Every structure is written in C-alpha cells, then in structure tokens.
Amino acid sequence: MLYRKLFAFTAFWAGCSAFTVQEPASRRVTSLSLSEDNMTTEGSRRSFLSQAAITTGMACFGEILSLQPANAVSGVSKVDAKLRGYGLPPLGPVPDGFAPLLEIYGKGKNRFPILVSFSHPITWVVQTPSNDVNGEDGTVQAGDYGKGDTATFFVYSDPGHVNDIASQPKELFEKALMKSIGQKGENMYQNFKVTKLVPVTKAGQTYVMADFKYQLLTGAGFEVDRKGVASITSEGPAVEVLWAASTSARFKKTEQNLRNIVDSFRCYTEGINMSDELMQYD
Ligand SMILES: *[C@@H]1O[C@H](CO)[C@@H](O)[C@H](O)[C@H]1NC(C)=O
Ligand SMILES: *[C@@H]1O[C@H](CO)[C@@H](O)[C@H](O)[C@H]1NC(C)=O
C-alpha cells in the first residue's frame with residue numbers, strides 16, 4: 001500500500017472538545033505526528049527514523065472531510081514503482097547514504113499538483129505539506145535542522161510557465177532564489193548573490209543548476225553566512241526550485257551532499273494523472 005489512511009478517534013474527540021471553545025467551525029482541525037522506524041532500500045535494509053506527519057482534517061459536526069496520506073513515498077524500489085506507475089523514468093543512481101523521496105506538492109485546492117522527487121541524506125528529517133479544510137500549507141523539505149543544513153522545494157508562481165528556461169536571463173533565477181530563501185516570511189537576508197548558472201538536460205527536461213550565497217539575519221541580530229546550490233525548472237504554470245544550503249563554515253563538508261540532492265531533483269506536472277491522490281472536499 002502506498003500510503004495508509006489513519007484515523008485517530010482519540011485525537012478526534014480531544015480535538016473537538018479542545019477546539020470547540022475558540023475556533024469557528026471551518027477551522028476545527030487538529031493534527032498529530034507519528035514516528036516509525038522502518039525503511040527498505042534495494043539490496044540492503046537500513047533503518048532510520050522517519051517522521052510521518054499525519055494531519056487529519058476533521059470537523060466536529062458530521063462533515064468528516066478527508067484524511068491526508070502519510071509521509072512521502074520513500075525507499076528506492078517504492079519510489080521507482082510509483083514513477084513507473086505514472087509512466088515516468090526511474091530514479092537515477094541514489095548515492096550511498098542517501099534515500100529518495102517522492103511526494104505530491106499541491107494536493108490541496110489552493111495549489112496545482114506537482115510530483116516532486118529528490119534524494120537526501122538518510123538521516124535527514126523529511127517534512128511534507130499539510131492539508132486541512134482550507135487547503136494546503138507548507139512544502140517538501142528535508143534537513144538536519146540542528147546544523148542548519150536544509151533542502152527545500154519552492155514554487156515561484158509569479159512568472160507563470162517559462163519556456164526554454166535555459167535561455168532565461170540571470171534575473172529570473174535571482175528572483176526565484178530570493179523568493180525561495182525568503183519563503184517563510186520570517187527569513188530576513190542580505191547580500192544575496194548568484195555565483196554560477198549551468199543548464200542541464202535530464203530525460204528531456206531542462207533544469208538550471210545554480211550556486212548562490214547570502215547572509216541570513218537571525219532573530220537575535222546575528223549575520224550567518226550561508227552557501228547553497230539549487231536546481232530550477234519550469235513545469236506547468238510556475239517555476240519550481242529545489243534549493244539546498246548550509247552555513248558557509250560547513251559548506252566544505254556539506255557541498256557534495258547538497259549538490260547530490262539538487263542533482264537528483266525531478267518534478268512533473270504534465271501527462272500524469274494524480275487525481276486519486278488529491279484532497280477531496282465535501
Ligand atoms: C517494514 O518494512 C517491511 C518491508 O517493506 C514491511 O513488510 C513491514 O510491514 C514494515 N513495517 C512497518 C511497521 O511498516
Ligand atoms: C484520472 O484517474 C481517475 C481515477 O483513476 C479517473 O477517474 C480520471 O478519469 C482520470 N483522468 C484522466 C484525465 O485520465
């Protein structure tokens with residue numbers, strides 16, 4: 001089974017009583033997260049802690065809406081099977097110590113669906129978008145958050161679909177990356193600079209690989225030098241970015257991993273039928 005549908009009655013009732021007091025009916029939702037210690041890759045079995053964030057959209061008075069699939073599909077053979085099911089090319093080689101993930105971004109009514117896949121260090125914690133009655137929020141991200149190493153998917157929708165991304169001016173990539181690093185709103189930064197852009201073709205799709213750097217301004221008033229790499233493409237009515245970054249101090253150590261991550265990035269919107277996996281609303 002590709003995903004499990006879980007329903008937590010306790011959380012349901014707790015959620016109902018907890019939320020009844022202050023929340024309007026449309027916002028009566030609750031969420032819970034589970035951990036599971038299980039992952040199989042081809043040939044060898046490796047165990048790692050994967051965080052399955054299961055958000056259960058629920059309303060108290062009869063309109064039970066929909067249940068979100070569990071965490072992203074992971075494991076080489078599972079991801080390849082899923083890609084095959086969509087008629088898409090399989091994953092390329094997954095580097096040692098890496099795990100692939102595949103997730104649909106845009107299951108909610110406020111977004112358009114994008115099949116996103118990339119590989120990340122096996123110990124990194126994966127986060128996926130959450131859905132409730134109002135739509136979808138959040139993104140696909142993997143990270144070693146304590147160290148500040150992250151890989152984050154971002155949809156830059158301002159320009160719509162961009163034909164022939166490889167021939168676009170540097171400005172497009174600068175804007176896409178600046179929006180990406182500022183995506184949470186609270187991320188303030190300065191001295192952003194794109195240092196390299198290289199287009200590559202992968203099974204008929206074009207991705208532009210970027211190197212960039214910036215200074216993150218922390219809430220405590222410090223400046224942290226950060227370096228990153230990204231892969232940028234345009235599928236459907238937007239520009240999609242997977243960017244991976246760490247502190248400049250760690251970059252010597254993390255660079256190869258960050259490059260492996262963005263090299264493995266693929267996204268698809270056309271010619272695949274994701275309708276069974278989108279959120280259903282009453
Ligand atoms: C762990 O993975 C194995 C092999 O895919 C599967 O048979 C088993 O049900 C899984 N266990 C859990 C708890 O998901
Ligand atoms: C997509 O799949 C669903 C269910 O499997 C089916 O009802 C629908 O007609 C399909 N859409 C297209 C455009 O093939």
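Remember, it's 1-based here, ligands and their atoms both numbered in the order they're listed. This structure is a prediction, so every number in the text was calculated from the model and none was measured.
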Per side-chain contact (heavy atoms from CB on, under 4.5 Å), S231 is matched among E240, R266, M209, R259 by M209

When distances are taken from atom 12 (C) of ligand 2, the protein heavy atom at minimum range is N273 ND2, 3.3 Å

Aromatic contact between Y207 and F265, with the criterion being ring centroids under 6.0 Å apart: yes or no?
yes

OH (Y105) and SG (C267) are apart, to the nearest 0.5 Å, by 11.5 Å

Among non-hydrogen protein atoms, atom 3 (C) of ligand 2 lies closest to S275 OG, 3.4 Å

When rounded to the nearest 0.5 Å, the distance separating CG of L101 from NZ of K78 is 13.0 Å

for atom 4 (C) of ligand 2, nearest protein heavy atom and its distance come out as D276 OD1, 3.1 Å

